[in-house]
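In listed order, ligands and their atoms are each counted from 1. Everything quoted here is computed from the prediction, not taken from an experiment. Keep in mind that the numbers below use all heavy atoms, side chains included, and drop hydrogens, waters and symmetry copies.
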Amino acid sequence: MGGAVAEAPDFCPPPLSPRMLPFASCLPGSLLFWAFLLLLLGAASPQDSEEPDSYTECTDGYEWDADSQHCRDVNECLTIPEACKGEMKCINHYGGYLCLPRSAAVINDLHGEGPPPPVPAAQHPNPCPPGYEPDEQESCVDVDECTQALHDCRPSQDCHNLPGSYQCTCPDGYRKIGPECVDIDECRYRYCQHRCVNLPGSFRCQCEPGFQLGPNNRSCVDVNECDMGAPCEQRCFNSYGTFLCRCNQGYELHRDGFSCSDIDECSYSSYLCQYRCVNEPGRFSCHCPQGYQLLATRLCQDIDECDTGAHQCSEAQTCVNFHGGYRCVDTNRCVEPYVQVSDNRCLCPASNLLCREQPSSIVHRYMSITSERSVPADVFQIQATSVYPGAYNAFQIRAGNTQGDFYIRQINNVSAMLVLARPVTGPREYVLDLEMVTMNSLMSYRASSVLRLTVFVGAYTF
Ligand SMILES: *[C@@H]1O[C@H](CO)[C@@H](O)[C@H](O)[C@H]1NC(C)=O
Ligand SMILES: *[C@@H]1O[C@H](CO)[C@@H](O)[C@H](O)[C@H]1NC(C)=O
C-alpha cells in the first residue's frame, strides 16, 4: 500500500474479472483517469474468441493459486521477456500489464505492487487512440501488434491483427484450455466409422482391412477385392470386408485359400468308370477297351462290328460278333461227308455209308459270354425242333468240355439247358458239340444230331 490515496483499493471486489471492475464506484476521483486508461487498454488487450473449457479456472493473465484457492494475477512484466519495447516501461496490473513511457509517473498501480504510478508522458504523448500510432503525416495508423511482437499470444495461438487491437485465436483443430491452445481429440466425437487417428489440429479416419475410406473420408466402404486383383486363381467372390476364392468344378481350393488344384476324381472311387478312369484337368473321363464303346459316361458296351460294318469279313464269310471283337467264319463249314443244307446246317446223308455212325446233322451256333460270370449260370437252351409221339430226347455234351466247365441240365424230353459250372476268364473260346439223341419208346430207333456251339468268353466282365 502506498501512494497518494490510501482509501482506494480496499473497497474493490476481488479482481477476478479485471476488465469488468466497477472502477468508478471504488476508485478515488484522482484515479479515474487511470481507470479510464486501464479500461481502454483492457479493451485493447487480447480478445479470446473461444471461452475457456470447463476445467479452466482462471482467465487470461491469472493463474490458479492452490494455496489461496484463488486466481492470482500473473506479473507479466516478469514473466514475458521484453514485455514492453523501447522506451516503454512495464507496469503490471490485474489480468494484464501496461506499457507506459518511462517518464510517466505512476500514481498508483491499484494494488500496491510494482513501480509507482505513471503520469502521462509529458515529452512524447501518443496522440492516437490505443492500438494506433502516429505516422510521419501525423495521422493515426493501426499498430500491427502481431508482426511487431507487441502481442501476448501464446506460441500455441495465432495472432490476428485488428484495427486498434489484435486477437489471439486457436488454430483449427485446437481449442483453448486455460491459456494454451490444445489439440482437439476429434476421435472422441466418433467422426469415423471404423478407426480414428488423432493428429495435431486434425484427425484421420482409417478403415479395417477390406474397406476403404468413402468420399466423405469418414465412412468406410467395402473394397471389391475381386476387381482389385485379388489373387484368386480361378473364381473370386467379394463379400463384406473380404473376399473368397472358389474353384471351378473339378478343382479344389488349396490350403493357401487362393490357388486351385485339380481333383483326381479317379482316386475317389473305383466305380466311377466301368473300365478305366482317366483324370483330366477339372474332370475325368471313362475309357473302354478296344472293341467297346462308352455307353453314357461310365459303362462300356461291346461294339457289334458285324452290325456296324467295321468288320473285314469277305463275301464267303459270315461275321460273328463277340464281346470285344468279332470273328469271320466260312459260311460253308460243312466237312465231308456232310453237305450244307442251309446257312449253318450240315447234313450227313443217310445214303452215305460214312454217315452211319455220325450224327445226322450238325448245326453251327455261336454265343459270347463275359468273364467271371457267377456260377452256375444257364447259358444256352437246346430245343428239339421235331417232336415225335412216343419219342424221347436225351442231351449230352459230346465234345469240347474236357475241363468240365459246362454241364447239361435236362428240362424235359424235348429241351435241355447248357449250364456254366465254373467261373471262366477270357479271352478264350470253347467249341462244344451238344448232342441230342432221339429214341422211341421201344428203343428200336435211335437218331443223333449235334449242335456245334462256339462259346466266346470275353476278356472283361462286361
Ligand atoms: C478426403 O481426403 C482427400 C485426401 O486427403 C481430400 O483430397 C478430399 O478433399 C477429402 N474429401 C472430403 C470430403 O473431405
Ligand atoms: C416226350 O414228350 C412228348 C411231347 O411232350 C411226348 O409225346 C412223349 O410221349 C414224351 N416221351 C416220353 C418217353 O415221356
Task: Expected output: side-chain Tyr292 to main-chain Phe462 donor-acceptor under 3.5 Å - done: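 Pair found, side chain donor or acceptor close to backbone of Phe462.
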Open item on the list: Quick one: does any side-chain atom of Ser259 pair with a main-chain N or O of Glu233 as donor and acceptor, under 3.5 Å?
Closed with: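 Side chain of Ser259 to backbone of Glu233: no pair is present.
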Task: Side-chain H-bond candidate by donor/acceptor type, Tyr430 with Arg428, under 3.5 Å - done: yes
Taking only distance into account, with no hydrogens and no angle test, what donor-acceptor pairs under 3.5 Å do side-chain atoms of residues 265-278 form with protein atoms, sequence neighbours excluded?
from   : atom 1 : to     : atom 2 : distance (Å)
Ser267 : OG     : Asp264 : O      : 2.7
Ser269 : OG     : Tyr271 : N      : 2.9
Gln274 : OE1    : Cys300 : N      : 2.5

Open item on the list: Check the orientation of Tyr240 and Phe211. Use parallel for under 30°, tilted for 30 to 60°, and perpendicular for over 60°.
Closed with: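 The rings of Tyr240 and Phe211 stand perpendicular, inter-plane angle above 60°.
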Open item on the list: In the structure I gave you, are the side-chain heavy atoms of Leu451 and Phe380 within less than 4.5 Å of one another anywhere?
Closed with: yes
Task: Neighbouring residues of ligand 1, heavy-atom cut-off under 4.0 Å - done: Pro215, Asn216, Asn217
